[in-house]
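Given the structure is predicted, the values throughout are model-derived calculations rather than measurements.
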Protein chains: 2
Amino acid sequence: MSENKNTLTSAVHDLLRRAIIEQALKPGMRLPEDTVGEQFGVSRTIVRHALVRLENEGLVITRRNRGAFVAEPSREEAKQIFEVRKCLENEVIRMLCLRMPENGYDRLQAHVRQEETVRGKDGPVSIRLAGEFHVLLAELTGNHVLVRYVSEVVLRCSLIMSMYARSHSSDCAVDEHSQIIDAIRAGDAPRAMSIMDHHLGAVAGRAELSAQEDSIQSILSHYGKELAQ
Amino acid sequence: MSENKNTLTSAVHDLLRRAIIEQALKPGMRLPEDTVGEQFGVSRTIVRHALVRLENEGLVITRRNRGAFVAEPSREEAKQIFEVRKCLENEVIRMLCLRMPENGYDRLQAHVRQEETVRGKDGPVSIRLAGEFHVLLAELTGNHVLVRYVSEVVLRCSLIMSMYARSHSSDCAVDEHSQIIDAIRAGDAPRAMSIMDHHLGAVAGRAELSAQEDSIQSILSHYGKELAQ
DNA sequence: TCAACGTCAACTGGATACAATTTACTTGCG
DNA sequence: CGCAAGTAAATTGTATCCAGTTGACGTTGA
């Protein structure tokens, strides 16, 4: 996933992103510029740029003169992200059913095999691989814009899962990945989309299950209107 | 369109974006950090941050140690952007047919009326309004993620048009906007999508080449005044 | 005891200074 | 006269520095 240009900013960017996705940095956690910079041995300038990018990706939020925090997507936000993700991934499927590149199936199956080697483990690696399957699908369309957006929503979904889900339970995910490949190979777009919907629905569903506190902001914003001055 | 946080960076960001969209800054034009900063009366730091954001939006590209340039989307890239845009806008229509918010139609028609007041003029205003119609549609879905992506592709499409189209010919666009509203009101999603497809297809269809030059200073001096505190 | 006010520390917003890299021009040699 | 190498100018990459803002803590008065 995007080993960008060989600049320090990009390096810090990737590192922080991984740390967030792998849940080392928990949602809501503060990210003071000089603390982070100290850790990585770079100046605040670099961290600053990296944080700006992360904010654009929706993985962190920054409040003026307060600093950056790991994003805490509300349930509403989560729902919206999943909605968009479903739309985008359906488009991916539609396109791949029309035209799958040369070694597309080989690459997909190689990826699934890789996922199977970490089957059962809920560690950072399986989280990452599960996401990368969807990104790989998008890459096979050859549409770079689509790749970027899919990457982004997949990342944000990972963050959401880390907040709301008790486990990624990647077992069933791998099976469904295989089924999606089969459906695409059969040129059966509706079936592939249906599986994908179920796949994402299951993911989103697990998020609903674990009843948990929503972010303070989203809770209070609901009541806040009443004492608006 | 996103009057972000009240920070200088955001101000410069918005200004540059407008300048690009309104074709004051032509594709391929260089954007030296200190030249721009000088014009706006801010330091390179600010400009730099703004350029990073613009790069994320796909409106500029930066080459290491070379600087930033207004993006020059290739025809292939243009095709891909339109593909994604079509997908996203279809989703918008699908959602709006299911549920249109309270004063949705009022807002849409107000916007169309506004577009009609500049009918026939191919100036910056009509370009901006044409784009904002689509953003407004997205906003009515209430899905902020969708809004962001639609905004982005609409902006990039404006840039593409400024490269390849000889004129936006907004006349027919306004009519089609009305037709889309009508179709949505009738709950006829397929028809609305069909019109939208035609609408975007027509936009994408006008593909001719053109090139010209102008000095950075004279262009930016026009936008710079607005930063006056 | 509690609330309001004032001071203080921490951190970000922004500017400037310095280092590294690339480009372009010039000069010298074949 | 042309090409190549070296050098200088321009511009970005990075670090450090100063100022403004915000939140927290402690103090004081009712």
- Closest non-hydrogen contact found for A:Val145 with B:Gln80 is N-OE1, 4.1 Å
- Quick one: sort the B:Phe133 and B:His177 rings into parallel, tilted or perpendicular, breaks at 30° and 60°. parallel
- Message: Between the side chains of B:Arg53 and B:Glu57, is the shortest nitrogen-to-carboxylate-oxygen separation below 4.0 Å, so that they form an ion pair?
- Response: no
- Atom NE2 of B:His13 to atom C1' of C:dG14: distance rounded to whole Å? 18 Å
- Stepwise salt bridge (Lys or Arg N to Asp or Glu O under 4.0 Å) check, B:Lys86 with B:Glu91: CA-CA 9 Å; B:Lys86 216 154 71 174; B:Glu91 176 73 7; over 6 Å; no
- If the sugar-phosphate is the primed atoms plus P, OP1 and OP2 and the base is the rest, what is the B/S/- string for nucleotides 6-12 of chain D, using protein heavy atoms under 4.0 Å? -----SB
- Note on the structure: Whole-Å distance, B:His49 NE2 to C:dT12 C1', equals 11 Å
- Message: Applying ring-ring contact (aromatic ring centres under 6.0 Å, His included) as the test, list every pair that has at least one member in residues 51-79 of chain A; sequence neighbours left out.
- Response: none
- Item | Phosphate OP1/OP2 of C:dG14 contacted by B:Thr45 side-chain N/O (<4.0 Å) | no
